[in-house]
A.B. asks: 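Can you read through this structure? Questions will come right after.
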Amino acid sequence: MNINNSLSEQPPYVTQWYGVTHSRCPRCRVGKVFSGPAYGFKIQKMHERCPHCNLKFEREPGYFYVAMFVSYAMNVAQMISISVAAYVLGLPLTYENLWYYVIILMVGVLLFSPFNYRYSRIILLYWLSPGLNYDPEKAKNQPQKQDGV
């Protein structure tokens, strides 16, 4: 028995960290969830199905409404971090500086909104969806052709 031949038949293992950071499908970790980059001039477009394993991302109607709560938690953490960073960097927390904090926080919210949109959905798919697990067999299969799509 050839060892090299048996090793090549095993499906590739893709780490969960790689799948999350590169916005890959949670089942095969090969297909992309979004069609473009997080930051750019095009609107972020989410694929309806995984281009590799044909997994439907929106499990039921309104499935991604839960991602709003995840995005809210991320937004609160970012606002606290930005406020603490502004204070540590020398902006005193006084009534006179209130509008500086508001402006800094609003700019931070706007800068992080594409990131929050994308990764709140990825977090929902990877960690908050029961029964949606990595399947190495789906990773090695060839992409399925969709008729009429």
Side-chain angles (χ1 to χ4, degrees), residues 10-149:
Q10 293 179 353
Y13 181 75
V14 180
T15 64
Q16 189 176 40
W17 179 252
Y18 178 86
V20 169
T21 56
H22 289 88
S23 302
R24 302 297 178 156
C25 170
R27 185 167 67 180
C28 68
R29 296 185 188 161
V30 175
K32 293 183 176 183
V33 177
F34 290 90
S35 62
Y39 290 95
F41 292 110
K42 292 176 126 181
I43 295 176
Q44 290 192 50
K45 177 92 168 105
M46 186 172 180
H47 293 294
E48 185 177 324
R49 295 184 176 275
C50 174
H52 186 79
C53 69
N54 205 28
L55 170 72
K56 185 174 182 181
F57 293 126
E58 189 170 5
R59 315 284 285 165
E60 59 190 32
Y63 178 72
F64 287 111
Y65 283 131
V66 177
M68 288 189 308
F69 298 109
V70 176
S71 178
Y72 176 75
M74 293 169 66
N75 213 349
V76 168
Q78 291 161 356
M79 290 173 78
I80 291 171
S81 300
I82 291 169
S83 297
V84 169
Y87 181 76
V88 168
L89 292 174
L91 186 61
L93 189 57
T94 61
Y95 184 76
E96 292 79 27
N97 292 331
L98 178 65
W99 283 107
Y100 292 123
Y101 274 96
V102 170
I103 291 169
I104 290 171
L105 290 177
M106 290 303 114
V107 168
V109 165
L110 288 175
L111 288 176
F112 280 116
S113 63
F115 176 86
N116 290 345
Y117 173 78
R118 177 175 288 228
Y119 286 102
S120 64
R121 289 177 176 229
I122 296 296
I123 288 170
L124 176 65
L125 286 171
Y126 269 83
W127 294 306
L128 301 176
S129 297
L132 190 58
N133 300 319
Y134 176 58
D135 186 4
E137 292 298 318
K138 297 286 184 182
K140 75 175 185 177
N141 292 339
Q142 294 297 320
Q144 299 175 358
K145 300 294 180 193
Q146 298 178 16
D147 297 327
V149 179

A.B. asks: Give the minimum heavy-atom separation between Tyr100 and Leu91, together with the two atoms involved.
C.D. replies: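 Looks like CB-CD2, 4.0 Å.
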A.B. asks: Taking all heavy atoms of Asn97 and all of Pro92, pick out the closest pair and write down the distance.
C.D. replies: ND2-O, 2.9 Å
A.B. asks: Parallel, tilted or perpendicular for Phe115 and Phe112, by the 30°/60° rule?
C.D. replies: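 Ring orientation of Phe115 relative to Phe112: perpendicular.
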A.B. asks: Which is it for Phe64 and Val70 under the side chain to side chain contact (heavy atoms under 4.5 Å, CB included) test, yes or no, and what are the steps along the way?
C.D. replies: CA-CA 10 Å; Phe64 287 111; Val70 176; over 6 Å; no
A.B. asks: Test: side-chain hydrogen bond (donor to acceptor under 3.5 Å, both in side chains). Region: residues 35-47. Which pairs qualify, not counting sequence neighbours?
C.D. replies: Gln44-Arg118
A.B. asks: So Arg24 and Val30, do their side chains get closer than 4.5 Å, heavy atoms only?
C.D. replies: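 No, their side chains stay 4.5 Å or more apart.
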A.B. asks: Hey, what do you get for CE (Met46) to CD1 (Ile122), rounding to the nearest 0.5 Å?
C.D. replies: 6.5 Å
A.B. asks: Answer yes or no on whether Arg29 is positioned over the face of Tyr134, meaning its NZ or CZ is under 6.0 Å from the six-membered ring centre and within 45° of the axis.
C.D. replies: yes
A.B. asks: First locate atom CD of Glu58, then atom CZ of Arg121, and finally report the distance between them rounded to the nearest 0.5 Å.
C.D. replies: 7.5 Å
A.B. asks: Where do Tyr101 and Ser83 come nearest, in terms of heavy atoms and distance?
C.D. replies: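 Taking Tyr101 first and Ser83 second, the nearest heavy atoms are CE2-O, 3.8 Å.
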A.B. asks: Which pair of heavy atoms, one from Cys25 and one from Tyr126, lies closest together, and at what distance?
C.D. replies: O-OH, 3.4 Å
A.B. asks: How long is the straight-line distance from CG of Leu124 back to CE of Met68, given to the nearest 0.5 Å?
C.D. replies: 11.5 Å
A.B. asks: Where is the tightest heavy-atom contact between Cys53 and Cys28, given as atom of each residue plus distance?
C.D. replies: SG-SG, 3.8 Å
A.B. asks: Can you list everything that forms a side-chain hydrogen bond (donor to acceptor under 3.5 Å, both in side chains) with Asp135? Sequence neighbours excluded, please.
C.D. replies: none
A.B. asks: Extract all donor-acceptor atom pairs below 3.5 Å that involve side chains of residues 71-82 and protein atoms in other chains or at least two apart in sequence.
C.D. replies:
{"unit_1": "Gln78", "atom_1": "OE1", "unit_2": "Asn116", "atom_2": "ND2", "d": "3.0"}
{"unit_1": "Gln78", "atom_1": "NE2", "unit_2": "Asn116", "atom_2": "OD1", "d": "2.9"}
{"unit_1": "Ser81", "atom_1": "OG", "unit_2": "Ala77", "atom_2": "O", "d": "2.9"}

A.B. asks: Taking CG in Leu98 as the centre, count heavy atoms belonging to other residues, nucleotides or ligands within less than 6.0 Å. Is the count above 12?
C.D. replies: yes
A.B. asks: For residues Leu111 and Val107, determine if any side-chain heavy atom of one lies less than 4.5 Å from a side-chain heavy atom of the other.
C.D. replies: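 Yes, close enough: below the 4.5 Å cut-off.
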A.B. asks: Can you see which heavy atom on Phe57 is nearest to which on Arg49, and at what distance?
C.D. replies: CE1-C, 3.7 Å
